[in-house]
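Encoded as structure tokens, the structure appears first; notes follow it.
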Amino acid sequence: MNTELMARPGSHIVQFYERDQELVSTVASYLRQGIGRGQAAVVIATPEHLALFFEQLHKDGVDVTAVSNSGALVTLDAGAMLSTFMKDGAPDPTAFDLVIGKLIRELTGKGVSACAYGEMVALLWDEGNIQGALELERLWNTLLGTAPFSLLCAYPKSVIMEDQSDPFGDVCHLHSEVMGSVLMGPELSDGQIVQTFQPVEQSPAAARQFVAQTLTNSGHTHIIEDALVVVSELTTNATVHTRRPFVVSIDFVRGAVRLAVKDRSRVLPTQRNGDLSDLGGRGLLLVEALAARWGAELDQAGKVVWAEFDDA
Amino acid sequence: MLSTIEEKALVDVVPGSHVGWAVGEPENYEANVSQLLRHGFAAGEKTGVFGPRDDELLGILGQQAHMSADPLVDFLRGEFHPETMFAMFRDESAKARSVGFNGLRVVADMDWLLPANLASKDVVAFELTLDRVVKELGATVICAYRQPGFSAEDIDQTLSVHPVICGGKEPQFRFVAGDENTWLLAGEVDFAAASALAIAIETVTRNPDCVIDISDLRFIDVSGMRLLARACCANESLRFKSIPPFVHRLWRIAMFSSVAELKEAV
């Protein structure tokens with residue numbers, strides 16, 4: 001995880017984290033960067049997380065007490081803040097602006113930028129109020145257009161594993177940057193090297209980087225050129241057609257390199273053999289021509305599209 | 001005081017560069033612009049500063065440059081007349097050189113210079129024309145883009161049409177002016193790059209007989225080829241230079257030749 005976060009005012013970044021330590025180190029780094037550059041910092045979190053952030057900031061040499069006393073660091077309880085603008089399970093835009101908007105405007109009033117971290121959206125999601133969380137993200141986006149601050153949000157990775165991966169896609173699309181298109185990995189899983197990606201447009205490029213790196217390390221450089229085209233086509237399809245996270249795996253079997261893209265959709269790819277005077281399709285034409293063998297199968301979670309490249 | 005990352009990057013701006021600067025440290029804007037102006041002065045360039053919107057800061061920076069926001073330019077900002085801006089720029093460059101300067105150096109806050117809510121395709125079109133002009137005149141132009149005036153997507157898009165960048169994410173591809181009527185397309189063109197690149201190509205192919213040099217194109221897939229095929233269909237006179245063999249190969253395999261040919265420039 002890239003901890004040298006340069007959050008530009010106007011950025012709205014989301015991080016999906018597995019363990020608290022990941023979250024703490026990212027948030028502390030983000031706040032430290034902002035404070036170091038003279039920005040005001042706003043932290044809206046649970047009391048437990050606030051304590052962890054302060055502990056880390058202290059370890060990183062930030063005098064939290066001094067910064068708080070000078071008014072450059074504002075900390076708020078996420079639950080308490082939610083209750084100031086939630087009405088009947090939905091965030092009220094006017095109340096949100098009166099509380100959060102006003103706070104941000106006060107901090108950035110004299111030409112100062114701010115960096116904000118918020119977990120109110122995660123709390124809403126946790127209690128099952130997904131629409132409320134998405135609506136709150138939209139309100140934050142409106143506010144981001146009016147004052148010079150950046151916003152980092154965090155959700156636990158468990159939100160991706162749930163069946164409602166469509167709202168997950170919505171969350172990604174509401175952010176200017178999803179921290180890395182890479183969700184997890186690379187890691188070893190059942191003898192395969194795998195990496196999980198968001199369904200965002202930068203993912204095919206990230207997937208190509210994963211494949212290029214892995215095949216360079218394994219000494220299969222002669223396969224890389226064709227493998228990159230194939231993985232780009234398969235991951236573009238997964239991003240565009242399924243809008244759900246997908247996994248790219250690399251396997252070395254029987255003298256061949258096997259690439260596979262697993263996603264949660266049960267719609268198999270279809271090769272278009274029709275009129276080639278139009279511009280649509282064609283991705284699978286490349287897969288067919290460049291791979292030694294390829295196929296697509298349904299499995300319990302969704303489907304797998306795989307392509308093999310012979311070593312010799 | 002330790003240099004910030006942006007400060008270090010801006011030190012490296014050489015005369016004759018067209019720089020896209022994604023401002024990441026707004027609180028250091030004044031210091032960074034001052035440094036740019038000082039370097040221009042040292043290089044014998046006539047310096048100009050346009051914007052930012054903060055009148056006080058504009059006043060301070062204006063004192064450090066030979067020229068600053070001209071009331072005439074202010075007046076023109078009500079409506080967008082890029083041709084007039086470029087004509088004035090050429091004029092100023094000629095005048096500066098005739099009295100012994102080595103050219104012009106301009107630092108422009110794009111939020112100030114361009115009308116609010118200008119469509120991103122028009123920002124790209126403006127920058128592509130500016131690129132051609134900067135090359136022709138040997139001028140130094142630093143275009144500062146910041147949020148929230150420009151969206152993150154707009155900034156990423158505009159960086160990809162600058163030959164030199166500071167701050168922001170490294171663009172996946174670059175599309176910039178080459179010699180004469182040639183444009184250079186370098187990097188990787190895939191699904192993510194396609195929409196931004198489509199705008200750039202559509203802009204430059206408004207002029208006939210345009211040549212795109214793709215010697216530094218390192219990757220293309222179906223999304224990228226589709227975009228080039230569309231451009232070829234829309235513009236019969238479009239030619240390509242130094243087409244890498246891998247592009248010919250993929251074009252043939254994906255059967256794009258049934259739609260269009262990538263015509264090689266002689």
- Item | Contact winner vs chain A - B/Ile253, B/Val23, B/Ile220, heavy-atom pairs under 4.5 Å | B/Ile253
- Item | Which residues share a salt bridge (charged side-chain N to carboxylate O under 4.0 Å, His left out) with A/Asp97, sequence neighbours left out | A/Arg105
- Between A/Thr239, A/Leu144, A/Leu228, A/Thr146, the one whose heavy-atom pairs under 4.5 Å with chain B are most numerous: A/Leu228
- Task: Heavy-atom distances under 4.5 Å only: say whether B/Ile155 touches chain A with side chain, backbone, both or neither.
- Result: side chain
- Task: Measure the shortest side-chain to side-chain distance between A/Val229 and B/Phe246 over non-hydrogen atoms and say whether it is less than 4.5 angstrom.
- Result: no
- Task: Considering non-hydrogen atoms only, spot the tightest contact between B/Ser223 and A/Thr236 and give its length.
- Result: OG-CG2, 4.1 Å
- Do the non-hydrogen side-chain atoms of B/Leu250 and A/Leu290 ever get within less than 4.5 Å of each other? yes
- For A/Asn237, is it the side chain, the backbone, both, or neither that has a heavy atom closer than 4.5 Å to a heavy atom of chain B? neither
- Can you tell if the side chain of B/Met255 reaches within under 4.5 Å of the side chain of A/Leu286, non-hydrogen atoms only? no
- Message: Using heavy-atom distances under 4.5 Å, tell me whether B/Asp156 contacts chain A through its side chain, its backbone, both, or neither.
- Response: side chain
- Region of B/Phe150 that comes under 4.5 Å of a non-hydrogen atom in chain A: neither
- Side chain, backbone, both or neither of B/Arg146 within contact of chain A (heavy atoms, under 4.5 Å): neither
- CD of A/Glu201 to CD of B/Gln172: how many Å apart, nearest 0.5 Å? 8.5 Å
- Item | Minimum heavy-atom distance A/Pro204-B/Asp190, with the two atoms named | CB-OD2, 4.1 Å
- Query: Side chain, backbone, both or neither: which part of A/Val240 has an atom under 4.5 Å from a heavy atom of chain B?
  - Reply: side chain
- So how far is it from B/Lys169 NZ to A/Gln202 CD, rounded to the nearest 0.5 Å? 5.0 Å
- Note on the structure: Interface check, chain B: of A/Gly38, A/Ala205, A/Gly36, A/Gly111, most non-hydrogen pairs under 4.5 Å belong to A/Ala205
- Message: Quick check: do B/Phe191 and A/Ser232 have side-chain heavy atoms less than 4.5 Å from each other?
- Response: no
- Within-4.5 Å side-chain heavy-atom neighbours: B/Glu27 and A/Val112: no
- Message: Looking at B/Glu264, I want to see if its CD is surrounded by more than 12 non-hydrogen atoms of other residues, nucleotides or ligands under 6.0 Å.
- Response: yes
- Task: Assess whether atom NZ of A/Lys102 is packed by more than 12 heavy atoms of other residues, nucleotides or ligands within 6.0 Å.
- Result: no
- Query: Salt bridge or not for B/Asp221 and A/Arg282, using N-O below 4.0 Å?
  - Reply: no
